Enquirer: 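Quick one: the structure is below, and I'll ask about it shortly.
Not measured: the values here are computed from a predicted model. What's counted below: heavy atoms across the whole structure, side chains too, no hydrogens, waters or symmetry copies.
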Amino acid sequence: RGSLLGLLVCAAVARADVIIVDPAGGGDFTTVQAAIDAAANGDTLLVRGDTLTEVLELNGKALAIVGDIPVGSTTRRDVGCIAVRNLAAGQQVILRNLAFEGDFQFPTYDNLSGIFLADNEGSVWIENCSTSGRDGSGQSNCGCFSPGEIPTGKGISINNCLAVTIVGSTLQGGDGGNAIIFC
């Protein structure tokens, strides 16, 4: 019985897959969010190809999302903005070789930040990424703010997170905004 339990544990650990995201259709998915939704804990999403401008949500799932950059290049894969929230203790999210920018389309989070992290007991590792907040200019049509009062976005917002590591990355707030804010 102990051997069977050991095999089941090894099978669960060996489950991690690499999922290819390529907007040109040369992979498993053409959008990052569809790959996130289909992925299992421990999977790696490899992002290839041209610029993607998505509003991404990673809720309680431990994944690595990695941009496939050519050897010798410093260009990061543009993927839009991302919210990582509700990681349980022991879970980890890795974001590597990606570029994020705040977006007005994110209805329930700090949608003006390139990266929004909230309520994570697990860890978030951000490496070789660039992130920028949305500029605070323009008119608001969503009813959230009065016209001309759209706030400037942060490069990254960190709210109630236990472990966040940022390595070799560029953080920039929107025009006149902060690069990073902790709440």
Side-chain angles (χ1 to χ4, degrees), residues 6-103 105-106 109 111 113-132 155-171 180:
L7 286 173
L8 291 174
V9 169
C10 288
V13 171
R15 161 67 177 91
D17 287 329
V18 175
I19 299 170
I20 307 296
V21 179
D22 185 345
D28 302 306
F29 292 91
T30 56
T31 67
V32 179
Q33 187 63 55
I36 288 171
D37 294 343
N41 281 325
D43 285 352
T44 297
L45 280 54
L46 182 63
V47 180
R48 293 183 176 164
D50 295 329
T51 299
L52 300 163
T53 54
E54 297 182 61
V55 177
L56 305 172
E57 181 178 4
L58 207 162
N59 187 358
K61 197 178 278 191
L63 299 175
I65 305 175
V66 180
D68 176 26
I69 59 175
V71 175
S73 173
T74 58
T75 303
R76 296 168 178 103
R77 296 290 182 217
D78 294 321
V79 293
C81 61
I82 190 167
V84 177
R85 59 189 189 91
N86 299 319
L87 289 177
Q91 288 186 311
Q92 182 179 40
V93 165
I94 298 170
L95 304 174
R96 182 177 291 135
N97 302 333
L98 300 167
F100 301 95
E101 181 177 347
D103 192 300
Q105 303 300 315
F106 223 159
Y109 305 108
N111 55 337
S113 296
I115 299 174
F116 178 78
L117 308 175
D119 303 319
N120 294 309
E121 293 182 15
S123 65
V124 179
W125 179 276
I126 300 168
E127 181 179 350
N128 193 34
C129 290
S130 66
T131 180
S132 61
I156 183 171
S157 294
I158 302 172
N159 302 297
N160 196 30
C161 297
L162 293 180
V164 177
T165 303
I166 303 170
V167 178
S169 296
T170 304
L171 311 176
I180 190 168

Enquirer: If every non-hydrogen atom of C161 is compared with every non-hydrogen atom of D119, which pair is closest and at what distance?
Expert: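 Scanning both residues, the minimum pair turns out to be SG-N, 4.1 Å.
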Enquirer: How close do V32 and V79 get, heavy atom to heavy atom, and via which atoms?
Expert: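 Closest pair (atom of V32, atom of V79, distance): CG2-CG1, 4.2 Å.
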Enquirer: Say you draw a straight line from CZ of R85 to CZ of F116; how long is it, rounded to the nearest 0.5 Å?
Expert: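 If I round to the nearest 0.5 Å, the distance is 8.5 Å.
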Enquirer: Can you give me the closest heavy-atom contact between K61 and D37, atom names plus distance?
Expert: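 Between these two residues, the closest heavy atoms are NZ-O, 3.3 Å.
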Enquirer: Does F100 reach the side chain of C129, with side-chain heavy atoms less than 4.5 Å apart?
Expert: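 Side chain of F100 against side chain of C129, heavy atoms only: contact under 4.5 Å found.
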Enquirer: How far does CD of Q92 sit from CG of N120, to the nearest 0.5 angstrom?
Expert: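 Q92 CD to N120 CG: 11.5 Å, rounded to 0.5 Å.
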Enquirer: Give a yes or no on whether the backbone of Q33 and the side-chain of E54 come within a donor-acceptor separation of less than 3.5 Å.
Expert: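 Yes, because the side chain of E54 sits within donor-acceptor range (under 3.5 Å) of the backbone of Q33.
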Enquirer: Going by heavy atoms in the side chains, are T131 and I126 under 4.5 Å from each other?
Expert: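 Answer no - side chains too far apart.
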Enquirer: Which heavy atom of F29 sits nearest to which heavy atom of A38, and what is that distance?
Expert: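 The answer is CZ-CB, 3.4 Å.
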Enquirer: About how many Å separate CG of L46 and CD1 of I20, when rounded to the nearest 0.5 Å?
Expert: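 It is 4.5 Å, given to the nearest 0.5 Å.
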Enquirer: Could you state the interatomic distance from OG1 (T44) to CG (L63), rounded to the nearest 0.5 Å?
Expert: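 Separation between the atoms: 8.0 Å.
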Enquirer: Closest heavy-atom contact between Q91 and G60?
Expert: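 So the minimum-distance heavy-atom pair works out to NE2-O, 3.2 Å.
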Enquirer: Could you tell me which non-hydrogen atom of G67 sits nearest to which non-hydrogen atom of R77, and how far apart they are?
Expert: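 Smallest interatomic distance, heavy atoms only, reads CA-CG, 3.8 Å.
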Enquirer: I'd like to check L58 versus I65 (side-chain heavy atoms, cut-off strictly below 4.5 Å). Are they in contact?
Expert: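 Sidechains of I65 and L58: in contact.
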Enquirer: Ignoring hydrogens and angles, tell me if any N or O in the side chain of D17 forms a donor-acceptor pair with the backbone of I19 under 3.5 Å.
Expert: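 Absent.
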Enquirer: Rounded to the nearest 0.5 Å, what's the gap from CG on L117 to CG on L87? Could you check?
Expert: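 Separation between the atoms: 9.0 Å.
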Enquirer: Please round to the nearest 0.5 Å and tell me the distance separating atom CG of L45 and atom CG of L56.
Expert: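 Those atoms lie 9.5 Å apart.
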Enquirer: Between N86 (side chain only) and N59 (backbone N and O only), is there a donor and an acceptor less than 3.5 Å apart?
Expert: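 Looks like no, no N/O pair under 3.5 Å.
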Enquirer: Please report the C-alpha distance between I69 and N128 in whole Å, then the side-chain angles of each, then the deciding distance to 0.1 Å, and finally whether the side-chain contact (heavy atoms from CB on, under 4.5 Å) criterion is met.
Expert: CA-CA 11 Å; I69 59 175; N128 193 34; 4.0 Å; yes
